[in-house]
Number of protein chains: 2
Amino acid sequence: MTRPRLEVLAAVHDHPHADTATLLRVVREPLPAVSHQAVYDSLHTLTDAGLVRAIQPAGSATRYEARVGDNHHHVVCRGCGVVADVDCAVGETPCLHPSDAHGFALDEAEVVYWGRCPQCLAATTP
Amino acid sequence: MTRPRLEVLAAVHDHPHADTATLLRVVREPLPAVSHQAVYDSLHTLTDAGLVRAIQPAGSATRYEARVGDNHHHVVCRGCGVVADVDCAVGETPCLHPSDAHGFALDEAEVVYWGRCPQCLAATTP
DNA sequence: CGTCTTGTCTTGACGGATTCAAGACAAGAC
DNA sequence: GTCTTGTCTTGAATCCGTCAAGACAAGACG
């Protein structure tokens, strides 16, 4: 748990849903010498440790967030790719038990809502 | 709607959840001369036409399936990346209305279940 | 029938994101 | 004090997907 890793963790905390390029830029503010490798490695380590969570909406690079442990999901804008958090409407984990899991041992249900954010809505329908 | 496109469509029908490399290989059996470009273009066209659907589980390349129009979701194996179809347990679309959509105009809820397939379960816990 | 237009296919090069490989370096174990 | 381990730097490589330019076939239209 070294300085680069702490800076990466802080960057993920401060910039939720940022992609790796953004995080690399942020981390290089206090630590100009970090390599992208260290950031990738740190992100993997932090992900394995459960301190950050990786999300990969279709069509964009990997993004990371620091909100872990609570069952929240994401809305992704089809226009600009912005990601926002949402809590599932139902209190429990409604979709965690599909009708037929084909023998899979499930440990997580990931939900992604697709739509258009207010800005893109305003831009396309003025 | 040309021969390459029909072959691509047939390949997606015959190989659900296959990635583009696999589809390219399959299409080249009857049509050895097709370029990857034609396959990519065909897949995009078919996706736009609603005849196939693209899915991108985190950590693997784009996959395509021909089951469209019904509200089904996917289980993905963390070990080998195998994808299988599941129908949502609840008849309606339970998660389509999150508590707070942040002003987004939602049009789709995508659900991915993560776990381990029977083969990987057997391999890791003998 | 001949020309024009449109859209698809081929070829080849490009770009971004991520990973691989090898060596340097620092810190703790013994 | 040396050894070992794990992390970081540097640099190259890989993989997926896209862009760009030209060839080519088919239908539209005169």
Side-chain angles (χ1 to χ4, degrees), chain A residues 1-12 15 17-65 76 78-83 112, chain B residues 1-12 15 17-65 76 78-83 112:
Chain A
M1 302 307 144
T2 61
R3 280 74 64 204
R5 293 199 179 171
L6 293 175
E7 290 296 340
V8 170
L9 184 56
V12 175
H15 301 265
H17 311 135
D19 57 23
T20 48
T22 303
L23 292 174
L24 183 55
R25 225 178 310 119
V26 171
V27 171
R28 277 184 174 159
E29 288 171 9
L31 286 176
V34 284
S35 57
H36 65 183
Q37 211 68 332
V39 173
Y40 275 91
D41 178 33
S42 300
L43 288 171
H44 287 163
T45 307
L46 293 170
T47 301
D48 290 345
L51 294 175
V52 306
R53 185 173 154 204
I55 56 180
Q56 292 186 269
S60 69
T62 309
R63 292 157 182 272
Y64 292 87
E65 67 177 354
V76 183
R78 292 193 193 275
C80 59
V82 164
V83 178
V112 177
Chain B
M1 300 307 144
T2 60
R3 281 74 64 206
R5 294 198 180 174
L6 292 175
E7 290 296 341
V8 170
L9 184 55
V12 175
H15 301 265
H17 311 134
D19 57 23
T20 48
T22 303
L23 292 175
L24 183 56
R25 225 179 310 121
V26 171
V27 172
R28 277 186 174 157
E29 287 171 10
L31 287 176
V34 285
S35 56
H36 66 183
Q37 212 67 334
V39 174
Y40 274 91
D41 179 33
S42 301
L43 288 171
H44 288 163
T45 306
L46 293 171
T47 302
D48 290 345
L51 294 174
V52 305
R53 184 172 155 205
I55 55 181
Q56 292 185 267
S60 70
T62 307
R63 292 156 182 275
Y64 292 88
E65 66 177 354
V76 184
R78 292 193 193 275
C80 59
V82 164
V83 178
V112 178

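Numbered from 1 within each chain, the chains take letters A, B, ... in sequence-line order.
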Visitor: Tell me: CG of A/Asp48 to C1' of D/dG6, nearest whole Å?
Guide: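 So the CG-C1' distance, A/Asp48 to D/dG6, works out to 15 Å.
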
Visitor: Looking at A/Leu31 and A/Pro4, what are the two nearest heavy atoms and their distance?
Guide: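 Smallest heavy-atom distance, with atoms named: CD1-CA, 3.8 Å.
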
Visitor: side-chain contact (heavy atoms from CB on, under 4.5 Å) between B/Thr62 and B/Asp19: does it pass, once the steps are laid out?
Guide: CA-CA 6 Å; B/Thr62 307; B/Asp19 57 23; over 6 Å; no

Visitor: Would you sort out whether A/Glu65 and A/Val52 count as a side-chain contact (heavy atoms from CB on, under 4.5 Å), showing the intermediate values?
Guide: CA-CA 6 Å; A/Glu65 67 177 354; A/Val52 306; over 6 Å; no

Visitor: With distance as the sole test, does B/Thr47 use its side chain to make a donor-acceptor pair with the main-chain N or O of B/Leu43 at under 3.5 Å?
Guide: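 Flag set: sc B/Thr47 to bb B/Leu43 pair under 3.5 Å.
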
Visitor: Distance check needed: C/dT11 P versus B/Asp41 CG, whole Å only.
Guide: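 In whole Å, C/dT11 P lies 15 Å from B/Asp41 CG.
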
Visitor: Would you list the protein and nucleotides 9-15 of chain D atom pairs, both N or O, that sit under 3.5 Å from each other?
Guide:
from, atom 1, to, atom 2, distance (Å)
D/dT9, OP1, A/Ala33, O, 3.0
D/dT9, OP2, A/Ser35, N, 3.0
D/dT9, OP2, A/Ser35, OG, 2.9
D/dG11, O6, A/Gln37, NE2, 3.4

Visitor: Shortest non-hydrogen contact from A/Ala11 to A/Val27?
Guide: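 Taking every non-hydrogen atom into account, CB-CG2, 3.8 Å.
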
Visitor: Between A/Leu23 (CG) and C/dA17 (P), how many Å, whole number?
Guide: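 Rounded to the whole Å, the gap is 12 Å.
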
Visitor: When you match B/Thr20 and B/Arg3 each to their closest nucleotide on DNA chain D, which lands nearer the 5' end?
Guide: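 The residue closer to the strand's 5' end, by nearest nucleotide, is B/Thr20.
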
Visitor: Distance check needed: C/dT8 P versus B/Glu7 CD, whole Å only.
Guide: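 Rounded to whole Å, this separation is 17 Å.
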
Visitor: Rounded to whole Å, how long is the line connecting atom OH of A/Tyr40 with atom C1' of C/dA21?
Guide: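 It works out to 17 Å between those atoms.
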
Visitor: Verify the contact: side-chain N or O of A/Thr2 to OP1 or OP2 of D/dC8, cut-off strictly under 4.0 Å; return yes or no.
Guide: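 So the side chain of A/Thr2 is within the cut-off, an N or O lying under 4.0 Å from OP1 or OP2 of D/dC8.
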
Visitor: Just how far, in rounded Å, is C1' of C/dA17 from CG of A/Leu43?
Guide: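 That distance rounds to 13 Å.
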
Visitor: Would you confirm whether A/Arg53, through its side chain, and A/Tyr64, through its main-chain N or O, come within 3.5 Å as a donor-acceptor pair?
Guide: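 Such a contact is absent between A/Arg53 side chain and A/Tyr64 backbone.
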
Visitor: My validator wants the stems of DNA chain C: runs of 3 or more consecutive Watson-Crick or G-U pairs, both distances under 3.5 Å, written as range with range.
Guide: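 So far as stems of 3 or more pairs are concerned, DNA chain C shows C:1-30 with D:1-30.
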
Visitor: Please answer whether the main-chain N or O of B/Ala33 pairs with a side-chain N or O of B/Arg28 as donor and acceptor at a distance below 3.5 Å.
Guide: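 No.
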
Visitor: Do any side-chain nitrogens or oxygens of A/Thr62 fall under 4.0 Å of OP1 or OP2 in C/dT18?
Guide: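 Checking A/Thr62 against C/dT18: at least one side-chain N or O falls below 4.0 Å of OP1 or OP2.
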
Visitor: Do B/Thr22 side-chain atoms and B/Ala18 backbone N/O form a donor-acceptor pair below 3.5 Å?
Guide: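 Between the backbone of B/Ala18 and the side chain of B/Thr22 there is no qualifying donor-acceptor contact (under 3.5 Å).
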
Visitor: For A/Arg63 and A/His17, work out which heavy atoms get closest and say how close.
Guide: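 For A/Arg63 versus A/His17, the nearest heavy atoms are NH1-O, 2.8 Å.
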
Visitor: In whole angstroms, how far is the C1' atom of C/dT8 from the CG atom of B/Leu46?
Guide: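 After rounding, the gap between these two atoms is 13 Å.
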
Visitor: According to a strict under-4.0 Å criterion, is A/His44 in side-chain N/O contact with OP1 or OP2 of C/dT19?
Guide: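 It does, given that an N or O in the side chain of A/His44 lies less than 4.0 Å from OP1 or OP2 of C/dT19.
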
